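None of the values given here were measured: they were computed from a predicted structure. Computed over heavy atoms, backbone and side chain alike; hydrogens, waters and symmetry mates excluded. Residue numbers count from 1 along this sequence.
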Amino acid sequence: MKARSSAYRLLLVFMFVVVSLIWVGRATHAHGDRMTDFNIEAQPLQKALLAFSEQAGVQLIIATDTGNLPPCDALKGRMSARRAIEAILVGSGLEFHFSSRNTVTVRRPVVVLPQMNTAGTEAQKSAPPPQ
């Protein structure tokens, strides 16, 4: 009984966090659309991301190792922060999202694997093994 109660509370907290993140995301999704003048030289990706952070006025969370990634091209001109980080990350295999009004998270894409049905169908269970 106690385990169910703990699991129920954990589920409620998880749902609260998810709903809060969705609400914050909807309320702040346009933040990356503010126009900014960027002047970022061609350089290693990690340095370019730090320059982006300074020039866009956003905090940056890098949730992956960027050391072995190819350098980025120079980026100059007036554009949205969203367009700038898209250009910086081209070819890196990384993705980004505005996790709050002034925070950008950069990470490798999350891969969701399909669940495997280990039980099999009735026909598979009764069929003789392949030879």
Close side-chain approach of [X] and [Y], heavy atoms under 4.5 Å:
X: Ile88; Y: Leu45; value: yes
X: Val106; Y: Ile61; value: no
X: Val104; Y: Gln59; value: no

Minimum heavy-atom distance [X]-[Y], with the two atoms named:
X: Pro70; Y: Gly91; result: CG-O, 4.1 Å
X: Ser92; Y: Arg108; result: O-NH1, 4.4 Å
X: Gly93; Y: Pro109; result: O-CD, 3.0 Å
X: Gln55; Y: Asn39; result: OE1-N, 2.7 Å
X: Ala56; Y: Thr36; result: CA-CG2, 4.4 Å
X: Gln43; Y: Ala51; result: NE2-CB, 4.3 Å

### salt_bridge(Glu41, Lys47) N-O dist < 4.0 Å
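So Glu41 does not pair with Lys47 through a salt bridge.
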
| request: Could you check Ile85, Leu60, Leu49, Ile62 and say which one makes a side chain to side chain contact (heavy atoms under 4.5 Å, CB included) with Phe96? | output: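 That would be Ile85; it is the only one of Ile85, Leu60, Leu49, Ile62 passing the side chain to side chain contact (heavy atoms under 4.5 Å, CB included) with Phe96.
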
- Pairs where residues 44-95 contributes a residue and the test ring-ring contact (aromatic ring centres under 6.0 Å, His included) is met, not counting sequence neighbours: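 The answer is Phe38-Phe52.
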
Who else is in the cluster with Leu113 when I, L, V, M, F, W and Y are joined by side-chain contacts under 4.5 Å?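 Hydrophobic cluster check, Leu113: joined to Val111.
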
Requested in this report: Please name all residues satisfying salt bridge (Lys or Arg N to Asp or Glu O under 4.0 Å) with Glu95, sequence neighbours left out, ordered by chain then number.
Outcome: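 Glu95 satisfies salt bridge (Lys or Arg N to Asp or Glu O under 4.0 Å) with Arg107 once adjacent residues are dropped.
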
**Asked** Linking I/L/V/M/F/W/Y whenever their side-chain heavy atoms sit closer than 4.5 Å, directly or via other members, would Leu89 and Leu50 fall into one cluster?
**Response**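 Hydrophobic grouping puts Leu89 apart from Leu50.
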
Please evaluate residues Val58 and Thr103 with respect to the criterion side chain to side chain contact (heavy atoms under 4.5 Å, CB included), reporting the C-alpha separation (whole Å), side-chain torsions for both, the decisive distance (0.1 Å), and the verdict. CA-CA 5 Å; Val58 297; Thr103 306; over 6 Å; no

Requested in this report: Could you tell me the separation between the CE atom of Met79 and the CZ atom of Arg34, rounded to the nearest 0.5 Å?
Outcome: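 Rounded to the nearest 0.5 Å, the CE-CZ separation comes out at 14.0 Å.
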
